[in-house]
Each structure stands twice: as C-alpha cells, then as structure tokens.
Amino acid sequence: MTLRTAKPTEPPRTTFLARLGAAFAMFRNPKSITGLAILGFFVLIAIFADVLAPYSPTKVDNTARFQAPSAEHWLGTTHIGEDVLSQVIHGTRGVIVVGFLAAIIATLIAIVVGVIAGYLRGWKSESLSALTNVFLVIPGLPLIIIVASMFEDPPLVLIAGVLGLTGWAWGARVLRAQTMSLRNRDFIQAARANGEPLRRIIAVEMLPNLMALIAASFVGTVTAAILGLTTLSYIGVIPVDTYNWGTILNWASAQGAFRQNQWWWYLPPGLCIAAIGVALSLINFGIDEYVNPRLRSAGERARAMKKKGLDVNDTVTVVRPTTTSKDSTV
C-alpha cells in the first residue's frame with residue numbers, strides 16, 4: 001500500500017487590480033468619506049459655475065450697492081453692485097484648478113524622483129537626494145512673486161506650475177525612505193530574480209504599496225497650493241480680475257468692508273477657504289488612521305463601542321472579585 005503525499009498548495013496570487021483596490025481602502029473610513037464629500041461639493045460647483053451662478057461676476061447693478069443679503073442677492077453685493085454669490089461660485093473654479101493642477105505636477109515629480117532615488121543605490125540615489133534637499137529650502141511664495149512680476153497678467157496655469165515645482169520635495173523625501181524599506185522585501189527580491197524590468201517592478205510591485213503616502217502627499221500639496229493662491233491673491237500679486245476667493249477678500253479689504261462690518265462680502269469666501277481646509281484635513285486624518293496601526297485599531301475600537309451604545313470617553317473601572325475567608329480555607 002503506497003501513501004500519496006499531498007502536493008503543497010500555492011498561495012493565491014493577488015492581481016494588480018486587487019492590490020490597487022486594497023491600497024485605496026484608506027478612503028473607506030468615515031473621516032475620509034466626509035472630507036471627500038465636502039471636496040466633491042466644491043468640485044461640482046467649480047464644474048457647473050456658469051449654471052449655478054445667478055449673475056455674471058462682473059455684472060454691475062447701480063441700484064444695489066453695498067446691499068445686504070436679500071431675496072435678489074443671497075449674499076449681498078459689493079461697492080459697485082456686483083453679486084457676491086456669483087463671485088464666490090466663479091472663484092471656486094480658480095481655486096480648484098490651481099490646487100489640483102499644482103498637486104498633480106508635484107505628486108508626479110515626487111513619485112519619479114522619490115521612488116527612483118529609493119530604489120537605486122550609490123551616487124545616483126545620493127544625487128537625487130541632494131536635488132530633493134535643494135528644493136526643500138527653496139521658498140515658494142517669494143519665487144511666485146518674482147515670476148508673477150515678470151508678467152502683466154500671469155495665468156493661473158503659471159501659478160499652479162510654480163507651486164507644483166516648489167512643492168514636490170517633501171513628498172519625494174518620504175517616498176524615498178519608504179521605497180528604501182520596500183526594496184529589500186521578499187516580493188521585490190523575487191521580482192528582481194525573475195528578471196522583471198525596473199519599470200514593472202516600480203509600477204506593479206511598489207506603487208500599490210505606496211498609495212497611502214502618495215495620497216497623503218497629494219492632499220497636502222492641494223492644501224498648500226490653495227492657501228498659496230488665496231494668499232497671493234489677497235496681497236495683490238495675482239490680478240484682481242482673476243476671480244478666486246483671495247481676490248474677493250482683496251476687494252473687500254480695499255473697499256473697507258472689514259471696517260464697515262459688511263460681513264456678507266468677506267465672510268463667505270473666508271468660510272469657503274475654511275471648509276475646503278477642513279475637508280482636506282479630514283481626508284488626511286483618514287489616511288493617517290489607515291496607515292498608522294495604532295490609530296486604525298483605536299478608531300475601530302471606538303466605532304465598535306458606539307455601535308454597542310457605549311460612550312468612548314467614559315472611564316472604565318475594572319472590578320476584580322475578592323476572595324472571602326470561606327474560599328481561602330481548604
């Protein structure tokens with residue numbers, strides 16, 4: 001009688017799409033979902049600004065100057081009778097375009113420089129690391145002011161390009177450190193032993209494991225680009241006829257809206273800046289909760305306690321049973 005030995009079953013090989021889907025699991029927690037919903041709201045406003053705005057942002061109504069919010073002008077009017085709501089809606093487009101375009105440029109450069117610098121060894125890696133350190137110390141806002149002063153009417157694409165070219169170094173440095181940790185893993189060594197080309201190792205094996213850091217770098221760059229755009233617009237570097245939330249605040253400040261307490265002119269764009277900042281922060285918190293095992297376990301534990309009707313902030317007193325004299329006797 002012969003015994004048949006069972007052949008060891010090979011572990012199922014996950015596909016690239018499955019790993020990519022698992023990499024985007026960071027957006028499935030409540031914080032990320034809430035932040036994405038708020039951000040999606042502003043993106044829709046930017047796309048359909050021409051449809052949603054009740055008036056043209058430059059339309060002047062001489063009979064409604066400095067008018068408070070009313071049924072005709074929901075957010076009031078400016079000093080020359082322009083509708084503030086229409087300006088805020090049209091200003092959303094410039095903010096979204098600059099924020100996302102700058103983030104795309106910075107993230108692509110960070111991926112190329114950071115991943116290649118982390119995977120390679122020797123002088124090539126050190127050269128790319130030195131280049132990253134140089135861009136880390138380049139001040140972004142003064143450089144944009146210098147570049148914008150060379151043009152009479154600097155386009156938003158130029159502003160986004162400068163913000164992207166000066167905002168990739170931090171993400172590249174983080175990606176380099178994580179790639180240096182990944183390059184010694186077993187699956188990378190196996191892919192290298194099989195003779196797979198470098199582009200496939202990076203694109204198929206490494207990038208799905210770096211998606212959380214890439215997403216965090218993208219969100220951080222969007223936040224920095226939006227704040228940079230509104231700051232430059234408020235101080236008057238960007239022409240005031242290019243509508244965004246910063247230029248609205250610039251006009252309000254120049255016409256004394258802050259002193260005269262004309263809150264309907266400066267408060268809506270300020271709240272929009274705060275709301276999109278909260279949305280991006282929530283997305284970043286959700287990514288941190290996914291990446292950090294301690295935060296992820298704490299969040300799961302808190303959600304489980306809420307489902308059971310328990311308060312997370314309640315203190316728990318551990319009650320230990322005490323032994324009586326009868327139990328202690330044999």
Side-chain angles (χ1 to χ4, degrees), residues 5-29 32 100-138 164-222 224 283-284 286-297 300:
T5 58
K7 295 181 179 180
T9 58
E10 296 181 357
R13 185 179 179 84
T14 58
T15 62
F16 171 73
L17 293 178
R19 281 181 289 175
L20 192 62
F24 281 97
M26 57 191 141
F27 298 119
R28 298 174 187 170
N29 55 65
S32 295
F100 276 83
L101 184 57
I104 291 172
I105 295 172
T107 304
L108 290 177
I109 298 175
I111 291 173
V112 172
V113 176
V115 175
I116 293 178
Y119 185 81
L120 299 179
R121 301 173 189 270
W123 67 270
K124 297 179 181 179
S125 176
E126 296 300 328
S127 299
L128 292 176
S129 178
L131 179 65
T132 304
N133 293 334
V134 170
F135 275 86
L136 274 175
V137 298
I138 293 179
L165 290 175
T166 56
W168 60 269
W170 177 84
R173 192 169 183 84
V174 175
L175 289 175
R176 177 178 180 268
Q178 186 64 22
T179 305
M180 291 177 66
S181 174
L182 287 175
R183 72 185 181 187
N184 296 322
R185 301 285 180 87
D186 293 338
F187 64 94
I188 299 295
Q189 297 294 335
R192 189 183 303 162
N194 289 334
E196 295 184 2
L198 175 61
R199 62 179 180 274
R200 189 182 187 281
I201 293 176
I202 292 177
V204 178
E205 303 293 341
M206 282 192 170
L207 286 184
N209 294 282
L210 296 173
M211 288 306 298
L213 293 177
I214 293 173
S217 176
F218 182 85
V219 172
T221 308
V222 172
I283 297 173
N284 216 345
I287 296 173
D288 288 341
E289 184 176 318
Y290 175 81
V291 174
N292 193 332
R294 292 184 178 180
L295 293 177
R296 184 167 64 249
S297 60
E300 293 175 354

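Worth saying up front: this structure is predicted, and the values here are computed from it rather than measured.
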Check whether any side-chain heavy atom of Ile116 lies under 4.5 Å from a side-chain heavy atom of Val112, and answer yes or no. yes
Does the side chain of Ile111 reach to within under 4.5 Å of the side chain of Trp168, using non-hydrogen atoms?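 Not touching, per the 4.5 Å side-chain cut-off.
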As an exercise, state the distance from [atom1] of [X] to [atom2] of [Y], rounded to the nearest 0.5 Å.
{"X": "Glu205", "Y": "Gln189", "atom1": "CD", "atom2": "CD", "result": "12.0 Å"}
{"X": "Leu182", "Y": "Phe187", "atom1": "CG", "atom2": "CZ", "result": "5.5 Å"}
{"X": "Thr107", "Y": "Leu213", "atom1": "OG1", "atom2": "CG", "result": "12.0 Å"}

Which residues share a side chain to side chain contact (heavy atoms under 4.5 Å, CB included) with Ala224, sequence neighbours left out: none
Taking all heavy atoms of [X] and all of [Y], pick out the closest pair and write down the distance.
{"X": "Gly167", "Y": "Thr221", "answer": "O-OG1, 4.0 Å"}
{"X": "Thr179", "Y": "Tyr119", "answer": "CG2-N, 3.7 Å"}
{"X": "Ser32", "Y": "Ile283", "answer": "OG-O, 3.7 Å"}
{"X": "Ala110", "Y": "Ala172", "answer": "CB-N, 3.5 Å"}
{"X": "Leu136", "Y": "Trp170", "answer": "CD2-N, 3.7 Å"}
{"X": "Leu120", "Y": "Arg183", "answer": "O-NH1, 3.0 Å"}

Looking at Arg176, I'd like to know if its CZ atom is crowded, meaning that more than 12 non-hydrogen atoms belonging to other residues, nucleotides or ligands lie closer than 6.0 Å. yes
Got more than 12 heavy atoms from elsewhere within 6.0 Å of CG, Asn194?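 Atom CG in Asn194 is crowded, with more than 12 foreign heavy atoms closer than 6.0 Å.
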From CA spacing to verdict: side chain to side chain contact (heavy atoms under 4.5 Å, CB included), Ile138, Leu165: CA-CA 10 Å; Ile138 293 179; Leu165 290 175; over 6 Å; no
Side chain Ser181, main chain Ala177, donor-acceptor under 3.5 Å: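 No, because the side chain of Ser181 does not come within donor-acceptor range (under 3.5 Å) of the backbone of Ala177.
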